[in-house]
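Only one structure is covered here, and it is reproduced in the block below.
Reminder, nothing fancy here: chain letters follow the sequence lines and each chain counts from 1. Every value quoted in this text rests on a predicted model; they were computed, and no experiment measured them.
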Number of protein chains: 2
Amino acid sequence: MSERIIKAFKTAETEKISHLDYFNIAVSVDCVILGYENKQLKVLLIKSDLEEFSGLNSLLGDLVRPDEDLDEASYRILRERTGLNDVYLEQVQTFGRIGRHPSGRVVTTAYFSLLDLHHHQLRLSHNDLHWHPISKVGKLAFDHKDILDSCLHRLRQQVLERPLIFSLLPEKFSLRQLQEVYEAILGTELDRRNFRKKVSLKDWLVDLGEMETDVPHRPGKLYKLNPALKKRLRARLRVS
Amino acid sequence: MSERIIKAFKTAETEKISHLDYFNIAVSVDCVILGYENKQLKVLLIKSDLEEFSGLNSLLGDLVRPDEDLDEASYRILRERTGLNDVYLEQVQTFGRIGRHPSGRVVTTAYFSLLDLHHHQLRLSHNDLHWHPISKVGKLAFDHKDILDSCLHRLRQQVLERPLIFSLLPEKFSLRQLQEVYEAILGTELDRRNFRKKVSLKDWLVDLGEMETDVPHRPGKLYKLNPALKKRLRARLRVS
DNA sequence: TACAAATATGTACTAGAAACACATTAACCT
DNA sequence: AGGTTAATGTGTTTCTAGTACATATTTGTA
């Protein structure tokens, strides 16, 4: 089978390179899973179990299996590690530097996902797995800091234009809560009045006719995500 | 070496899967190389030499070598096929559907590049290699139509904000020529006056103080790309 | 009952995009 | 040589989206 692949790519020089050379590259997926708590954006990390990176954290990743799509692999990792299925995942970029994995050649594709850190179905599968505030992430194993940064960059680019953010929030939320999430992601303060105007133009929200409870001040209205968009957020779509 | 990689990714289930399974995925790079001629955007295609796709065209691609970066592989392909070095290349997306290659499992990363189709150093390395108008591209081999579309989408998104387009043009060009390239890429007509205003605000251009020659009407001023930006276009940078 | 703190809504200003008009220059034709 | 044609080159006006900013309202608390 793999001989067929090499023949299928017959440039002049491939002849010289043996089968084993080409099939000595592994393919992996790394997931940047972001949550939100205490007005902070957090990322799901695990202690690296490689000697080379002892003491360092790394992203959640795994080798892609021969029988699964790249996208499927990222959903599998999310499911295995968090118990959650049907959460929005988006491919961001592929990292293929030669020396990026100390044990050999691994090309990895980065995906990011946003999810409600307090979701009742969320079960972290491993003791060393933990939520880490983005602002306190230092050195990570491999090139995972680069991967994290590229996902954050993509997220910041798109978050105001696309309704990605709602998987970070509970079903019902107030406009203040929504704004706080945006501020945590973008790292800036937003004008409350302009923010509300901008959101209201987008028809992302449905007014629930309910109010906040247990807040030590005037309660705000509660909203939920427009159900039409909710479907799209859950769909396993490659979004270009 | 590769045993080490599998150990480095020790999820519960990896144990069951053998070394050969994991190292049966190949990694390739496909390049969407775009040029411009006769008011048309064109893409560099080659006749597929796989039986399964006989008669169909495909993008330029090759397996990634064990000793080269992913980015390097794309530059190598560009160099081997066109003779050109130091042309802007940008990673777009990675495609990893299981059935995408009939000979086996190949995960491919798409890059796009823009270049002047009349560049004097341009030498197409193969007889079947040819420029194909974007508007007339039909079915392509593999999932190359999807890859082409995703690159075009990215290009259209970015072309107005970033000075990508200038590698499609000769050294000296008029504002009309520049506008025509934009129109070919975006597939729309642009207002000449607004277009000129927009471009002039960006300090992308330097007025050469020269005029067009050999045009059957009033000649326009000639411009070149601001040299400061030119460096950036040639740099082999991963742009996120 | 007054005060503090947050919600809710609205207005004025500004910058950028879109729509639109006219004078100028060079080649071509008679 | 002079008029015609077809492009270049430079505005102006209008609209829209974004930013800055103010005031009234509602609830909890002292």
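- Residues satisfying the salt bridge (charged side-chain N to carboxylate O under 4.0 Å, His left out) criterion with B/Glu37, sequence neighbours excluded, are B/Lys42.
- Here A/Lys221 lies in heavy-atom contact (under 4.0 Å) with sugar-phosphate atoms only.
- Side-chain atoms of B/His217 lie closest to D/dA7 of the nucleotides D/dA7, C/dA8, C/dA17.
- Between A/Tyr75 atom OH and A/Ser113 atom OG the span is 7.5 Å, to the nearest 0.5 Å.
- In summary, the side chains of A/Ser58 and A/Ser48 do not present any donor paired with an acceptor at a separation below 3.5 Å, with no hydrogens or angles considered.
- Side-chain atoms of A/Lys197 and base atoms of C/dT11 include a donor and an acceptor less than 3.5 Å apart.
- Here the options are A/Arg176, A/Gln177, A/Glu183, the test is side chain to side chain donor-acceptor pair (under 3.5 Å), and the partner is A/Gln179; only A/Glu183 passes.
- One finds a salt bridge joining B/Glu180 and B/Lys39 here, because a Lys/Arg side-chain nitrogen approaches an Asp/Glu carboxylate oxygen to under 4.0 Å.
- With sequence neighbours left out, A/Asp214 forms a salt bridge (charged side-chain N to carboxylate O under 4.0 Å, His left out) with no residue at all.
- Residues of residues 199-207 of chain A that place a heavy atom closer than 4.0 Å to DNA chain C do not occur.
- As a whole-Å value, the separation of A/Leu160 CG from D/dG18 C1' is 12 Å.
- Nearer the 5' end of DNA chain D, as judged by each residue's closest nucleotide, is the contact made by B/Gly220, out of B/Gly220 and A/Lys198.
- Where the helix from C/dT1-D/dA30 to C/dT30-D/dA1 starts and where it ends, the local axes point in directions that differ by 10°; five pairs per end, rounded to 10°.
- With rounding to the nearest 0.5 Å, the separation of CZ in B/Arg156 from CG in B/Leu152 is 5.0 Å.
- For the pair B/Arg76 and B/Glu80, the salt-bridge criterion is met [side-chain N within less than 4.0 Å of a carboxylate O].
- A side-chain donor-acceptor contact under 3.5 Å links B/Tyr111 and B/Asp71.
- Interface residues of residues 171-195 of chain B facing DNA chain C, ordered by number: B/Asp191, B/Arg193, B/Asn194; criterion, heavy-atom separation under 4.0 Å.
- Proximity of B/Arg218 to the phosphate of C/dT24: no side-chain N or O atom is located under 4.0 Å from OP1 or OP2.
- Where A/Pro219 and B/Pro216 meet DNA chain C, the nucleotide closest to each residue was compared, and A/Pro219 sits on the side nearer the 5' end.
- Salt-bridge formation is detected for the pair A/Lys172/A/Glu210: a Lys NZ or Arg NE/NH1/NH2 atom is positioned less than 4.0 Å from an Asp or Glu carboxylate oxygen.
- Listed by chain and residue number, B/Asp30, B/Asp143 satisfy the salt bridge (charged side-chain N to carboxylate O under 4.0 Å, His left out) test with B/Arg100 (two or more places apart in sequence, or in another chain).
- Computed from coordinates, the A/Met211 CE to D/dG28 P distance equals 10 Å when rounded to whole Å.
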